[in-house]
Amino acid sequence: MKIHHLNCGILHAPPSPKASCHCLLIEHESRLVLVDTGIGLEDIKHPVERIGQFAIEAAGFQFHEELTAARQVEKRGFKIADVTDIVLTHGDQDHAGGLADFPSARVHVSVEELAAIESNCGRYSADQFAHGPRWAAHGGSSVRWFGLEARPLALVPGCEIYLVPLFGHTLGHCGVAVHEGERWLLHVGDAYYLKAELSTDDHPVSALAAMRAEDDALRRASLSELRRLVREHAAEIDMVGYHDFGEFPAGMV
Ligand SMILES: [Zn+2]
């Protein structure tokens with residue numbers, strides 16, 4: 001199994017630092033699993049319709065075709081249809097934009113997040129889901145992963161992948177844990193924007209995180225669980241977030 005780290009988009013709204021869209025492409029034999037989908041080809045063709053002028057300006061969306069997951073999958077010599085499964089941390093516009101570029105993939109998400117997406121609450125872009133994703137919604141589980149609930153995704157034989165509820169940013173927001181050799185990689189989605197939030201509540205980005213949270217008490221509880229994992233299990237778990245450019249392995253972006 002090989003994990004590729006892809007930056008599938010750029011958001012830049014000064015004074016916030018330039019933000020990445022850090023997706024994972026998990027390669028296992030002939031199959032690919034994509035974790036989050038970044039800004040997609042359809043977003044680039046129809047930005048205002050799909051994202052809205054207000055959000056484009058507020059979040060600083062940039063549109064670069066070569067950064068889309070679809071183009072990066074092709075550039076590595078794979079076919080779009082090789083992406084059999086997508087794991088979505090949550091349905092925000094900067095995470096779900098590429099879904100339509102992989103129409104045959106099964107899309108794994110928590111039941112809570114799918115309910116939120118289907119409630120048309122205004123946070124999400126209905127256009128980004130209008131193609132009819134092949135949803136696979138995963139509900140509560142008794143499995144535990146380092147003390148947290150873990151919802152097993154039986155995607156590829158011999159490859160352990162879990163949805164790990166880290167609610168708060170959105171009502172069904174999850175991290176994605178992947179067993180990679182001896183260690184675990186936890187993609188935390190937007191449970192933090194910048195890794196600095198693991199060590200302080202006073203970073204300027206913390207105010208933005210609180211403002212964007214659907215349930216800020218839950219968001220803070222999830223963040224404190226991540227801090228516990230860092231304190232107690234740093235030797236077993238690597239962590240990456242979606243928006244911190246500093247978290248790409250050296251030379252990958
Ligand atoms: Zn985001």
Side-chain angles (χ1 to χ4, degrees), residues 5 7 9 11 13 15-24 35-36 38 58-59 87-96 108-117 121 123-124 138 140-141 143-151 161-179 183-248:
H5 294 254
N7 176 36
L11 305 162
S16 296
K18 200 183 266 191
S20 60
C21 295
H22 191 149
C23 301
L24 305 178
V35 177
D36 277 352
V87 187
L88 202 60
T89 61
H90 64 298
D92 276 352
Q93 293 165 319
D94 51 326
H95 298 251
H108 303 268
V109 66
S110 72
V111 291
E112 295 88 345
E113 189 65 12
L114 184 55
I117 290 168
C121 71
R123 177 177 185 123
Y124 306 101
H138 300 267
S141 158
V143 178
R144 286 290 176 275
W145 180 82
F146 297 104
L148 296 175
E149 183 192 333
R151 303 180 183 181
I161 305 179
Y162 295 109
L163 269 178
V164 178
L166 295 170
F167 296 160
H169 176 68
T170 61
L171 294 179
H173 177 281
C174 286
V176 182
V178 186
H179 207 179
R183 299 175 62 81
W184 287 90
L185 178 64
L186 177 64
H187 190 300
V188 309
D190 283 0
Y192 60 71
Y193 284 141
L194 296 176
K195 202 158 213 170
E197 291 168 73
L198 288 175
S199 38
T200 176
D201 287 322
D202 292 330
H203 194 283
V205 85
S206 303
L208 177 66
M211 192 185 79
R212 285 290 292 156
E214 208 62 37
D215 182 327
D216 196 48
L218 271 182
R219 179 192 70 86
R220 281 185 278 114
S222 295
L223 187 57
S224 77
E225 286 296 328
L226 294 183
R227 290 169 175 168
R228 178 184 61 80
L229 292 181
V230 170
R231 276 197 313 275
E232 297 176 1
H233 299 288
E236 298 136 286
I237 304 170
D238 294 312
M239 236 178 244
V240 295
Y242 193 70
H243 290 300
D244 190 338
F245 261 112
E247 293 198 282
F248 284 90

Report yes if the side chains of [X] and [Y] come closer than 4.5 Å at any heavy-atom pair, otherwise no.
X: H90; Y: D190; answer: yes
X: L24; Y: L185; answer: yes
X: L198; Y: L223; answer: yes
X: V164; Y: V176; answer: no
X: L186; Y: L229; answer: yes
X: D244; Y: H22; answer: no
X: P17; Y: F245; answer: no
X: T170; Y: Y124; answer: yes

Distance (rounded to the nearest 0.5 Å) between [X] [atom1] and [Y] [atom2]:
X: L148; Y: L166; atom1: CG; atom2: CG; value: 6.5 Å
X: S110; Y: F167; atom1: OG; atom2: CZ; value: 5.0 Å
X: L171; Y: E214; atom1: CG; atom2: CD; value: 5.0 Å
X: C23; Y: H5; atom1: SG; atom2: NE2; value: 11.5 Å
X: R123; Y: I117; atom1: CZ; atom2: CD1; value: 11.0 Å
X: H187; Y: Y242; atom1: NE2; atom2: OH; value: 7.5 Å

Start with the C-alpha distance between E197 and S206, add both sets of side-chain angles, then the distance that settles side-chain hydrogen bond (donor to acceptor under 3.5 Å, both in side chains), and finish with yes or no. CA-CA 7 Å; E197 291 168 73; S206 303; 4.6 Å; no

So E225 and R231, salt bridge (Lys or Arg N to Asp or Glu O under 4.0 Å) or not? Walk me through it. CA-CA 10 Å; E225 286 296 328; R231 276 197 313 275; over 6 Å; no

So, for H243 and H95, is the gap between ring centers shorter than 6.0 Å? yes

Kindly say whether the aromatic ring centers of H233 and F146 come within a distance under 6.0 Å. yes

Looking only at heavy atoms, which two atoms of [X] and [Y] are closest? And how far apart?
X: S141; Y: A150; answer: OG-O, 2.7 Å
X: G189; Y: T89; answer: CA-CG2, 3.9 Å
X: P165; Y: C174; answer: CA-SG, 3.7 Å
X: V240; Y: Y192; answer: C-OH, 3.6 Å
X: A13; Y: A58; answer: CB-O, 3.3 Å
X: G91; Y: A96; answer: O-CB, 3.8 Å

Quick one: salt bridge (charged side-chain N to carboxylate O under 4.0 Å, His left out) pairs with a partner in residues 201-213, sequence neighbours left out? D92-R212, D201-R227

For M239 and V230, run side-chain contact (heavy atoms from CB on, under 4.5 Å): C-alpha distance rounded to whole Å, both residues' side-chain angles, the deciding distance at 0.1 Å, then the answer. CA-CA 9 Å; M239 236 178 244; V230 170; 3.7 Å; yes

Would you mind checking if E247 and K195 are paired as a salt bridge, meaning a charged N to carboxylate O distance below 4.0 Å? yes

Expected output: side-chain [X] to main-chain [Y] donor-acceptor under 3.5 Å:
X: D36; Y: G38; result: no
X: N7; Y: S20; result: no
X: E112; Y: G172; result: no

Does any donor atom in the side chain of E149 or Y162 lie under 3.5 Å from an acceptor atom in the other side chain? no

For D216, give me all partners under side chain to side chain contact (heavy atoms under 4.5 Å, CB included), at least two apart in sequence or on another chain. A210, A213, R219, R220

Please state whether the rings of H169 and H173 are parallel, tilted or perpendicular, taking 30° and 60° as the class boundaries. perpendicular

